[in-house]
There are 2 protein chains.
Amino acid sequence: MSSTTSTTSTTSTLGFAILALLARADSTGYEIASRMRNPVAYFWTASHSQIHTDLQRLLSAQMVAYDRAPGPGPQDKKVYTITAKGRDALREWITTPPRPQPERDELVLKSYAAWLADPAALMEMFRTALHRHEERLAEYERAWASLEEGAPPLFGTPKFGNMAALRCGLGYERHRVEWCRWMLDQLSRSLNPSCEAAKPNDE
Amino acid sequence: MSSTTSTTSTTSTLGFAILALLARADSTGYEIASRMRNPVAYFWTASHSQIHTDLQRLLSAQMVAYDRAPGPGPQDKKVYTITAKGRDALREWITTPPRPQPERDELVLKSYAAWLADPAALMEMFRTALHRHEERLAEYERAWASLEEGAPPLFGTPKFGNMAALRCGLGYERHRVEWCRWMLDQLSRSLNPSCEAAKPNDE
DNA sequence: ACTATCATGTAACCCGTTACATGATTTA
DNA sequence: TAAATCATGTAACGGGTTACATGATAGT
């Protein structure tokens, strides 16, 4: 019999993001949402509404299960667990190559059109962007330092995943900081094109 | 009178991407789609169907206009132009700070869950990712070189935008290449944890 | 008294992808 | 003769955001 439940359940990427979190620790839907807003898991966020609906889909695909527990509100809270089936699906998904996702970056788009706009206003925009990236970078650096304190991360432990994702975040923010600084430099030159040689080193 | 057409037209980001392209050269919808698939404008893509519908919206908001010209197919082709109103809206949009967009990156998500999966399969995945990024990087480097050949880019000319976007692309691909190499190194260590110091350079 | 945190859910809407539909010209 | 390129459009569907709706407890 093909009762191995060929559920046609084309679990969305968010579904796997949820499974990846549940594989580390059982959580309520609410907790999953908040964990996604925390340092390491920045790279896949979702609103609580979407998480709840997705959990229901995962539930009907038998990839998660839950235990009821008395909740603060009118309804019980549901503490979700990943099932064996869910873990298998997740494990399989991890190593299937993601197809190249179209990159959409509003700031880069704006930079592409920057030649039409006011340089001073542009500089302010890039200054705020720079600050955001510097803050993120500092945050990641703190997280990295605290990771390196403990034992070296073994493959097979969640810590390996933390370092992998963090390492990417660090590189990304460094690249962004660098680019914003370069943009500011270019823009400031366009404002006062007087001293062009008196620039010690740009990159 | 408020007949300055307060069209409530909250032109989408794609709308501005289209305007940014039209500000450089008049195009048909088809051409806009193909221009988005070209080196410099990779950072904002869209399918032709979406572009056509968006052009209709921009048209009703009087941000673009078009001239009919005999087309190859059954219908005339429409060569779109940006209007003064469109250019004003674009110019204003460029300097309004984009609100931080949630970063969603499937490969990073997979790396976060990598501790659960098979190292060898992971290595293959990261190897193909590495190749893709190396190719992109080479492409960007060629484009950069050809940009540097001509006259230095003046603010106020499209070339400034090309360099700004390209510079970002270069930094991004370099960061990605670096991260993929680091991942491969980590994974290979987990496969044979014997010689940890004797690793000169893979690739 | 008000706000924040914890906790669950539904409904409307927007943006984007994929598939459907048509058809001339050029190239392999 | 088959395909790729040029060229325009519609329709269905999926994923994501925002807003709506409820309500207890803890802190300011």
Side-chain angles (χ1 to χ4, degrees), chain A residues 8-18 26-38 42-61 64 66-80 98-106 109, chain B residues 8-18 26-38 42-61 64 66-80 98-106 109:
Chain A
T8 331
S9 63
T10 27
T11 318
S12 67
T13 308
L14 175 59
F16 289 111
I18 292 171
D26 297 351
S27 302
T28 65
Y30 184 90
E31 281 167 341
I32 290 170
S34 70
R35 284 172 72 189
M36 281 183 176
R37 271 178 267 113
N38 274 22
Y42 276 153
F43 47 81
W44 208 279
T45 25
S47 54
H48 78 272
S49 56
Q50 211 190 339
I51 286 165
H52 283 299
T53 52
D54 246 64
L55 276 170
Q56 283 168 38
R57 281 208 279 138
L58 288 170
L59 191 69
S60 63
V64 298
Y66 66 83
D67 287 315
R68 288 182 174 283
Q75 287 158 102
D76 278 1
K77 71 174 181 178
K78 299 173 179 177
V79 182
Y80 286 91
R99 44 182 191 150
Q101 40 190 10
E103 328 202 20
R104 275 189 198 96
D105 194 318
E106 212 175 310
L109 179 56
Chain B
T8 331
S9 63
T10 28
T11 317
S12 67
T13 309
L14 176 58
F16 289 111
I18 292 171
D26 297 351
S27 302
T28 64
Y30 183 90
E31 281 168 341
I32 290 170
S34 69
R35 284 172 71 189
M36 281 184 176
R37 271 178 268 115
N38 274 21
Y42 276 155
F43 47 82
W44 208 278
T45 25
S47 54
H48 79 272
S49 55
Q50 210 190 339
I51 287 166
H52 283 298
T53 52
D54 246 64
L55 276 169
Q56 284 168 37
R57 281 207 279 139
L58 288 170
L59 191 70
S60 63
V64 299
Y66 67 83
D67 287 316
R68 289 183 172 280
Q75 288 159 99
D76 278 1
K77 70 174 182 178
K78 299 172 179 178
V79 181
Y80 286 91
R99 41 182 192 150
Q101 41 190 11
E103 328 202 19
R104 275 189 197 97
D105 193 316
E106 212 175 310
L109 179 56

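Lettering follows sequence order; numbering is per chain, from 1.
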Rounded to the nearest Å, what distance is computed from the [atom1] atom of residue [X] to the [atom2] atom of nucleotide [N]?
| X | N | atom1 | atom2 | result |
| --- | --- | --- | --- | --- |
| B:Ile51 | C:dC15 | CD1 | P | 15 Å |
| B:His48 | C:dA19 | NE2 | P | 13 Å |
| A:Tyr66 | C:dT8 | OH | C1' | 12 Å |
| B:Tyr30 | C:dA24 | OH | C1' | 13 Å |
| A:Gln101 | C:dG16 | CD | C1' | 14 Å |
| A:Arg57 | C:dT10 | CZ | P | 14 Å |
| A:Arg37 | C:dA4 | CZ | C1' | 13 Å |
| B:Arg35 | D:dC6 | CZ | C1' | 16 Å |

Return no unless some side-chain N or O of [X] is found under 4.0 Å from OP1 or OP2 of [N].
| X | N | result |
| --- | --- | --- |
| B:Gln75 | C:dT22 | no |
| A:Lys77 | D:dA24 | no |
| B:Arg68 | D:dA7 | no |
| B:Arg104 | C:dG16 | no |
| B:Arg99 | D:dT18 | yes |

Select from A:Thr45 and B:Tyr80 the residue whose nearest nucleotide in DNA chain D is closer to the 5' end of that strand. B:Tyr80

Does B:Gln56 or B:Ser34 map to a spot on DNA chain D nearer the 5' end, using the closest nucleotide for each? B:Ser34

Is the shortest heavy-atom distance from the side chain of A:Leu55 to the side chain of A:Tyr66 under 4.5 Å? no

I'd like to check B:Ser12 versus B:Asp54 (side-chain heavy atoms, cut-off strictly below 4.5 Å). Are they in contact? yes

Picking from C:dG16, C:dT8, C:dC6, the nucleotide nearest the side-chain atoms of A:Pro72 would be C:dC6

Mind checking the CG-CD spacing from A:Leu14 to A:Gln50? Nearest 0.5 Å is all I need. 5.0 Å

At what distance, to the nearest 0.5 angstrom, does OH of B:Tyr80 lie from CG of B:Asp67? 11.0 Å

Within the 4.0 Å heavy-atom criterion, would you say B:Gly71 contacts the bases, only the backbone, or no part of the nucleic acid? nothing

Sugar-phosphate, base or nothing in reach of A:Ser47, heavy atoms under 4.0 Å: base

Distance criterion of 3.5 Å, no angle test: do you see the side chain of [X] paired donor-to-acceptor with the base of [N]?
| X | N | answer |
| --- | --- | --- |
| B:His52 | D:dT10 | no |
| A:Thr28 | C:dT8 | no |
| B:Ser49 | C:dT17 | no |

Walk me through it: do B:Arg37 and B:Thr45 pass the test side chain to side chain donor-acceptor pair (under 3.5 Å)? CA-CA 7 Å; B:Arg37 271 178 268 115; B:Thr45 25; over 6 Å; no

By nearest-heavy-atom nucleotide on DNA chain C, the more 5' of B:Leu14 and A:Thr53 is A:Thr53

Let's go through B:Glu106 and A:Thr13 carefully: what are the C-alpha distance in whole Å and the side-chain angles of both, what is the deciding distance for side-chain contact (heavy atoms from CB on, under 4.5 Å) to 0.1 Å, and is it a yes or a no? CA-CA 8 Å; B:Glu106 212 175 310; A:Thr13 308; 3.9 Å; yes

